[in-house]
2 protein chains.
Amino acid sequence: MTEAEYLANYDPKAFKSQLLTVDAVLFTYHDQQLKVLLVQRSNHPFLGFWGLPGGFIDEHCDQSLEEAVLRKLQEKTAVVPPYIEQLCTLGNRHRDVRGWSVTVCYTALMSYQACQIRIDSVSDAKWWPLADVLQIPLAFDHLQLIKQARERLTQKALYSLVPGFALSEPFTLPELQHVHEVLLGKPIQGKSFRRRVEQADLLIDTGLKRTERGRPANLYRLKSDTASYRFLRNLEC
Amino acid sequence: MTEAEYLANYDPKAFKSQLLTVDAVLFTYHDQQLKVLLVQRSNHPFLGFWGLPGGFIDEHCDQSLEEAVLRKLQEKTAVVPPYIEQLCTLGNRHRDVRGWSVTVCYTALMSYQACQIRIDSVSDAKWWPLADVLQIPLAFDHLQLIKQARERLTQKALYSLVPGFALSEPFTLPELQHVHEVLLGKPIQGKSFRRRVEQADLLIDTGLKRTERGRPANLYRLKSDTASYRFLRNLEC
DNA sequence: TTACTTAGTGACGCTCAGACATAATATGTT
DNA sequence: AACATATTATGTCTGAGCGTCACTAAGTAA
């Protein structure tokens with residue numbers, strides 16, 4: 001049989017297939033703490049529960065998995081996050097009562113300000129402090145995904161400046177350090193952090209300064225290659 | 001509508017769904033080089049081409065994605081690899097002529113000896129030297145997946161002893177070092193490598209020695225926590 | 001002017017990777 | 001038996017960079 005004949009006879013619905021969704025754990029930093037974007041479900045299963053933004057692929061408009069998850073995020077936040085990365089894919093026969101189900105989960109970061117207005121204007125999406133999220137029941141296995149995303153981001157705080165994407169630009173160096181400290185759950189030596197930042201050469205000094213109690217702090221932006229830069233040595237916290 | 005009513009009316013075939021497969025990039029180390037297991041396809045599309053071992057989920061026997069990919073590997077090698085890790089999930093509307101298609105791809109490592117007999121006995125599976133694989137046309141986007149798996153493993157050679165899972169136990173320390181050197185494409189200072197291995201405390205000294213020209217070398221096994229151990233500092237190669 | 005607060009620097013020790021000389025232990029040759 | 005050779009393993013020095021902490025800088029408030 002030639003490939004042409006095979007395709008002519010091919011029936012996409014002949015084989016039973018699995019439920020496939022994309023989801024995103026979108027973090028930001030606000031009020032001195034990490035927050036994650038959750039959406040209140042308007043459909044079964046888990047109707048009324050809070051869960052991760054995401055959903056099914058739309059074959060009409062989504063060219064790829066990443067386009068699909070970005071579309072889902074954009075529907076809620078009206079913007080595209082400056083950082084997104086595939087986290088993992090979770091699939092088994094137990095996670096959804098409808099049957100064998102698979103989710104491709106992403107981790108994303110963005111500033112609180114970038115979408116504050118949009119989020120405040122809708123009732124079904126909300127930034128949740130990470131500590132609070134651990135206390136409430138979530139849809140599906142989304143709690144597990146959030147924990148895993150957080151662990152990965154904590155690791156990144158040790159050897160990259162990726163957490164900076166959770167801030168709105170321009171930001172001060174102590175602000176960036178504090179995001180890392182919140183992720184690690186421990187204080188970082190300011191001197192060590194500054195040394196690393198300087199050596200990495202990932203921050204653009206805007207020349208501006210911000211003052212709020214104490215000596216004014218320099219304001220920086222992230223260079224575009226921050227997402228892929230890795231330090232050779234981890235912080236030892 | 002209650003959830004029970006929703007589920008009673010739920011038709012799994014009502015929504016168009018995507019092709020979903022699992023694939024694995026299985027590496028080993030043999031004849032001083034890295035090899036990858038490829039399978040010759042017996043179906044359209046890409047009939048007759050070499051590609052990664054993998055295939056569709058079998059809802060009857062697979063409880064999870066990982067079980068599915070392990071089953072696929074076991075069908076070819078007759079054994080379960082000592083190391084497996086999710087690599088990435090690739091999904092878009094162009095990678096398969098049959099339509100929107102998604103693969104959840106894993107990276108795995110195992111020793112050459114563990115399945116040599118089984119592989120030699122079948123005609124459709126074969127260990128390919130990695131350099132050769134880059135020269136031949138592969139099915140789908142499997143070349144891209146192999147390259148990505150190799151890059152990730154190269155990174156792991158800088159901050160872990162995971163590449164050791166490509167060896168058969170017991171192995172010598174210079175053998176382990178050479179796997180790392182092949183991955184990195186550069187020689188490593190023997191002293192640095194030994195220091196790290198000792199400090200990590202991941203090798204069990206079997207007390208045995210192996211001699212083949214020169215001073216006999218100690219033989220080691222990997223501790224089970226080698227898969228998750230990370231050095232704080234990278235090799236600087 | 002002084003106290004206070006926060007931002008940023010200087011200087012020293014420690015750990016560990018790189019580099020390379022040296023020792024140890026086997027085989028093969030004379 | 002003595003020696004050459006090959007390979008494994010160790011000793012030691014140097015340097016990069018993190019931890020630590022004292023100190024300086026630059027703003028606000030009393």
Side-chain angles (χ1 to χ4, degrees), chain A residues 32 155-161 164 167 170-220 229-237, chain B residues 32 154-161 164 167 170-181 183-220 229-237:
Chain A
Q32 314 262 65
Q155 282 307 112
K156 285 193 191 293
L158 291 173
Y159 60 76
S160 82
L161 297 183
L167 293 171
F171 53 82
T172 70
L173 202 143
E175 278 172 353
L176 177 57
Q177 180 176 336
H178 196 250
V179 181
H180 283 245
E181 287 174 333
V182 168
L183 277 165
L184 298 171
K186 305 183 191 179
I188 302 171
Q189 285 284 345
K191 182 61 179 178
S192 299
F193 195 74
R194 298 189 97 84
R195 248 192 317 239
R196 287 161 69 86
V197 166
E198 268 179 36
Q199 184 219 1
D201 191 31
L202 293 174
L203 298 193
I204 302 164
D205 190 334
T206 61
L208 306 173
K209 292 180 188 297
R210 176 186 300 161
T211 306
E212 34 183 60
R213 293 195 312 284
R215 175 172 171 177
N218 274 10
L219 288 165
Y220 300 93
Y229 184 87
R230 300 288 175 266
F231 290 97
L232 285 179
R233 283 171 79 164
N234 281 12
L235 284 173
E236 294 169 13
C237 302
Chain B
Q32 314 262 67
T154 298
Q155 282 307 110
K156 284 193 189 294
L158 292 173
Y159 61 77
S160 83
L161 297 184
L167 292 171
F171 53 81
T172 71
L173 202 143
E175 277 172 353
L176 178 57
Q177 180 176 337
H178 195 250
V179 181
H180 283 245
E181 288 174 334
L183 277 165
L184 298 172
K186 305 183 190 176
I188 302 171
Q189 286 285 342
K191 181 63 179 178
S192 299
F193 195 74
R194 298 188 98 84
R195 245 191 322 237
R196 287 162 68 87
V197 166
E198 269 179 37
Q199 185 219 358
D201 191 32
L202 293 174
L203 299 192
I204 302 165
D205 191 334
T206 61
L208 305 172
K209 291 179 188 296
R210 176 186 300 160
T211 307
E212 33 182 59
R213 294 196 311 283
R215 176 172 170 177
N218 276 9
L219 287 165
Y220 300 92
Y229 183 86
R230 301 288 175 267
F231 290 96
L232 286 179
R233 290 168 75 162
N234 280 12
L235 285 174
E236 294 169 13
C237 301

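In what follows, chains are A, B, ... by sequence order, proteins preceding strands, each numbered from 1. Any value given below was found using the heavy atoms of this structure, including those in side chains, with hydrogens, waters and symmetry copies removed.
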Could you state the [atom1]-[atom2] distance from [X] to [N], rounded to the nearest angstrom?
X: Q199(B); N: dG18(C); atom1: CD; atom2: P; result: 13 Å
X: Y220(B); N: dA9(D); atom1: OH; atom2: C1'; result: 9 Å
X: R233(B); N: dT15(C); atom1: CZ; atom2: P; result: 11 Å
X: R194(B); N: dC16(C); atom1: CZ; atom2: P; result: 18 Å
X: F231(A); N: dA16(D); atom1: CZ; atom2: P; result: 17 Å
X: L232(B); N: dT15(C); atom1: CG; atom2: P; result: 13 Å
X: K186(A); N: dT20(D); atom1: NZ; atom2: P; result: 11 Å
X: L173(A); N: dT6(C); atom1: CG; atom2: C1'; result: 13 Å

Closer to the 5' end of DNA chain C via nearest nucleotide, is it F193(B) or R195(A)? R195(A)
Does [X] reach the main-chain N or O of [Y] with its side chain, forming a donor-acceptor pair under 3.5 Å?
X: R210(B); Y: P170(B); answer: yes
X: R196(B); Y: R233(B); answer: yes
X: N234(A); Y: E236(A); answer: no

[atom2] on [Y] to [atom1] on [X], rounded to 0.5 Å:
X: L208(B); Y: T172(B); atom1: CG; atom2: OG1; value: 12.5 Å
X: F231(A); Y: L161(A); atom1: CZ; atom2: CG; value: 4.5 Å
X: Q32(B); Y: E175(B); atom1: CD; atom2: CD; value: 9.0 Å
X: K156(B); Y: R230(B); atom1: NZ; atom2: CZ; value: 4.0 Å
X: E198(A); Y: L173(A); atom1: CD; atom2: CG; value: 8.5 Å
X: L184(B); Y: L158(B); atom1: CG; atom2: CG; value: 5.0 Å

Under 4.0 Å between any heavy atoms, over every strand shown, what does R196(A) touch: base, sugar-phosphate, or nothing? Just pick one. sugar-phosphate
Residues within residues 176-184 of chain A bordering DNA chain C, heavy-atom distance below 4.0 Å: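 Heavy-atom cutoff 4.0 Å gives no residues at all.
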If you only use heavy atoms from C-beta on, which nucleotide in dC18(D), dG18(C), dT9(C) is closest to the side chain of Q189(B)?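 Within the option list, the nearest is dG18(C).
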Strand contacts (DNA chain D) in residues 207-219 of chain B, 4.0 angstrom heavy-atom criterion: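 Per residue number, the list reads R213(B), G214(B), R215(B), P216(B), A217(B), N218(B).
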Taking five pairs at each end of the helix from dT1(C)-dA30(D) to dT30(C)-dA1(D), what angle separates the two helix axes (nearest 10°)?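 About 10° separates the two local helix axes.
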Apply side-chain contact (heavy atoms from CB on, under 4.5 Å) to residues Y220(B) and L202(B) and explain how you reach the verdict. CA-CA 10 Å; Y220(B) 300 92; L202(B) 293 174; over 6 Å; no
Ignoring hydrogens and geometry beyond distance, is the side chain of K191(A) in donor-acceptor contact with the base of dG10(C) at under 3.5 Å? yes
Scanning both residues in full, the closest heavy-atom pair of A157(B) with L235(B) reads O-CD1, 4.0 Å
If you assign P174(B) and L235(A) each to the DNA chain D nucleotide with the nearest heavy atom, which residue ends up on the more 5' nucleotide?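 The residue closer to the strand's 5' end, by nearest nucleotide, is P174(B).
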L176(B) vs F193(B), side-chain contact (heavy atoms from CB on, under 4.5 Å): CA-CA, chis, key distance, verdict: CA-CA 9 Å; L176(B) 178 57; F193(B) 195 74; 3.8 Å; yes
